[in-house]
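Take a look at the structure set out below.
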Amino acid sequence: MNLHRLLQARVSAGKPVRVALIGAGKFGSMFLAQVPHTPGLEVPIIIDIDRDRAREACRTVGWDAARIAATTFTDDGARAIAGGAMDVVVEATGNPAVGIRHARAAIAAGKHIVMVNVEADVLAGPLLAEEARKAGVVYSLAYGDQPALTAEMVDWARATGFHVVAAGKGTKYLPAYHDVTPDGVWQHYGLTAGEAQSAGMNPQMFNSFLDGTKSAIEMAAIANACGLDVPTEGLLFPPCGVDDLPHIVRPRSRGGVLERSGVVEVVSSLERDGRPVFRDLRWGVYVVLEAPNDYAADCFRQYGLKTDASGRFAAMYKPYHLIGLELNISILSAALRGEPTGQATGFRGDVAAVAKRPLRAGEVLDGEGGYTVWGKLVPAAASLKAGALPIGLAHRVKLKHDVAHGEIVRWSDVEFDPNNETVKTRRAMEATFAKEG
C-alpha cells in the first residue's frame, strides 16, 4: 500500500526506477503500455531478437516518437545487462534456456530480476533464487501473472492466521485437451485458423495453455514459492465455480476432492460434459482457507463468506488477472522495497514431459504446446526418482526409445548434451535441492 508513495519520493529525488525489458511480446507490450502513465518509471533499454518488432510494439501501445527515440533497442541481452544503468531487468522471453542465461547475467551485474519467464523459473528457479539471495539482489515472480497473484493470497491468508488448504487458479479444461495439437487448437477457442493467423496468434503457444502444460508450470511455481504440496497423481482440474470452492477444494476426508490439505490445484470452468460451470474462475486465482477456531468460523458466517457445510472452510479469490498491466508491482517492490512478489524457496513441484501419442525412437520432441508432449505436474521427489525429463528441456531433443501414449518421457529416453549450460544448470538445481523431496 506504499509503492506509489515510495515511487513519488524517487521522482522528487530525481532518481527514477530504470528497467531493461527483455522480450516485447504480449506480456512485455502490456507492461510498456503502462510506462508513460507511471511517473518515475523508465524503460531506457528494450532487448528483443527483432528490434523493429519491438519498436512497433511501442508504437502500438501508444508511445510517442520522442519516447521511442530516447530508447535503446538491441538484440544483445548480455551486453545490455552488463553495461546498462538500470535497477531491474524484466525477463519476458518465455524461452527457458534464454531466461536462465539472462537471469544469471542480471544477478552477476547486481540487478534485480523479475522473471515473467515462468518456464525458466520452474526449470531452475530454486537455484536462481538462491544465487540472487547470495548476490544481494531480488529474484521475483511477475505480478499480474497468476503464480505471483496466488502467492500474494497465500501470504495474506497465512499472515492473518489461517491455514491454507489449497491455492491455485482457474482454467478451461477437459481431459481430452492433453492430447490436442496445434492443428486442432483453434476450435477450442472458438476461432478459425484464418482468424487466429490474422490476429498473429501462435497456435503452439495457445495450445500450451489448452493442453494443461501452462497450468502445470504455474502450479509448480506456486508450490515452490509457497511451500505447498503437489498432488501425487497430478492436477485433478475439478469443475468448480467460485461459490463451491470451499466445498469441492477441501480434503477428501472432509468431503472434498483433495488427497490432503496444503496443496496446489487448478479448477476447471467446464463440467466434464462440456457445459460451462456456474460462476467460473477461468481468469482468476483463489485460496481456500480453514478457520483455526469456532470464533473465526462464526465470523465467516456473520460476514457473509461462502463456506462448506461445516462452516470451517472458506475461500478468497480474484476473478481476473491483468498480466503485464500489473507488472509494475513486481518492479517497484524489487527496486523500492527489496522484496520479491513470490520467489522459489524450495523444489517441491516439477513438470514432466508426457507423450501425447505413441512416440517412436528417432522422433524429435517439440516442447510445450506441440505435437509430441504435454507437461504434467508431479512432486519433485517423484520426478527425480523417475528420472523424468522436464518439459522445459523437451525441445529439439531426439528420442532413443519408444514412449507409450500417456507415459512420462525420461532423461534416459532422449539424446542430450550433458555439457549444455541449461542442462548443467538443471542438473545442479536437482543436486542442490533433491534432499528437500
Side-chain angles (χ1 to χ4, degrees), residues 118-119 121-123 125 146-147 150 165-180 207-240 245 248-252 256-272 281 285-286 288 346-357 359 365 367-370 372-394 403-411 413 430 436-437:
V118 69
E119 293 82 4
D121 178 75
V122 169
L123 191 62
Q146 287 162 309
T150 306
V165 176
K169 69 165 196 170
T171 196
K172 181 181 179 181
Y173 170 85
L174 289 173
Y177 290 171
H178 290 311
D179 294 338
V180 174
N207 197 45
S208 70
F209 285 93
L210 187 76
D211 70 10
T213 301
K214 284 291 188 184
S215 289
I217 288 171
E218 291 178 339
M219 292 306 103
I222 293 167
N224 292 339
C226 298
L228 292 168
D229 289 331
V230 167
T232 302
E233 300 301 324
L235 294 169
L236 299 173
F237 296 96
C240 184
L245 284 166
I248 294 174
V249 191
R250 58 179 175 163
R252 292 171 194 156
V257 302
L258 306 179
E259 61 182 298
R260 60 184 177 277
S261 190
V263 300
V264 294
E265 187 54 80
V266 176
V267 295
S268 176
S269 63
L270 295 177
E271 302 287 355
R272 288 296 189 258
L281 193 64
V285 297
Y286 76 91
V288 173
F347 183 38
R348 304 177 73 91
D350 198 14
V351 184
V354 174
K356 286 188 171 182
R357 54 174 174 78
L359 301 175
L365 303 183
E368 61 177 277
T372 57
V373 291
W374 61 279
K376 180 179 181 178
L377 180 67
V378 294
S383 175
L384 295 179
K385 183 177 180 180
L389 180 70
I391 191 69
L393 291 174
V403 180
H405 178 212
E407 291 298 311
I408 288 177
V409 182
R410 292 168 168 77
W411 284 96
D413 291 322
E430 291 178 352
E436 297 189 2

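From a predicted model like this one, the values you see are computed outputs, not experimental measurements.
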(message) Tell me which one of K172, K169, K376 satisfies side-chain contact (heavy atoms from CB on, under 4.5 Å) with S215.
(response) K169

(request) Any chance you could measure T171, atom OG1, to F237, atom CZ, to the nearest 0.5 Å? (result) 7.0 Å

(message) Any heavy-atom pair between the side chains of Y286 and L281 that's under 4.5 Å?
(response) yes

(message) Nearest 0.5 Å, please: how far is CG in L258 from CG in L236?
(response) 7.0 Å

(message) Test side chain to side chain contact (heavy atoms under 4.5 Å, CB included) on K356 and D211; report intermediate values, then the result.
(response) CA-CA 10 Å; K356 286 188 171 182; D211 70 10; 2.9 Å; yes

(message) Distance check, rounded to the nearest 0.5 Å: S383 atom OG versus L389 atom CG?
(response) 9.0 Å

(message) Please give me the minimum heavy-atom distance between V165 and R250, naming the atom from each residue.
(response) CG1-CA, 4.1 Å

(request) Answer yes or no: is there a donor N or O on one side and an acceptor on the other, between the side chain of R410 and the main chain of A388, under 3.5 Å? (result) no

(request) Determine the minimum heavy-atom distance between L377 and L235, stating which atoms define it. (result) CD2-CD2, 3.6 Å

(message) Has R348 got a side-chain atom pairing as donor or acceptor with V230's backbone, closer than 3.5 angstrom?
(response) no

(message) Using a 3.5 Å distance criterion without hydrogens, assess whether the side chain of N224 forms a donor-acceptor pair with backbone atoms of G349.
(response) yes

(request) Measure the shortest side-chain to side-chain distance between I391 and T213 over non-hydrogen atoms and say whether it is less than 4.5 angstrom. (result) yes

(message) If I compare all heavy atoms of A167 with all of M219, which pair ends up nearest, and what's the gap?
(response) O-SD, 4.3 Å

(message) Is it the case that atom CD in E259 sees more than 12 heavy atoms from other parts of the structure closer than 6.0 Å?
(response) yes

(request) For residues V403 and A355, report the shortest heavy-atom separation together with the two atoms involved. (result) CG1-CB, 4.0 Å

(request) Measure the spacing between CG of L359 and OG1 of T372 and express it to the nearest 0.5 Å. (result) 6.0 Å

(message) Under the side-chain contact (heavy atoms from CB on, under 4.5 Å) test against V378, which residue among D350, T232, V354 passes?
(response) D350

(message) Strictly distance-based, threshold 3.5 Å: is any side-chain N or O of W374 a donor or acceptor partner for the main-chain N or O of E368?
(response) no

(request) Measure the CG-CD distance between L245 and E265 for me, rounded to the nearest 0.5 Å. (result) 11.0 Å

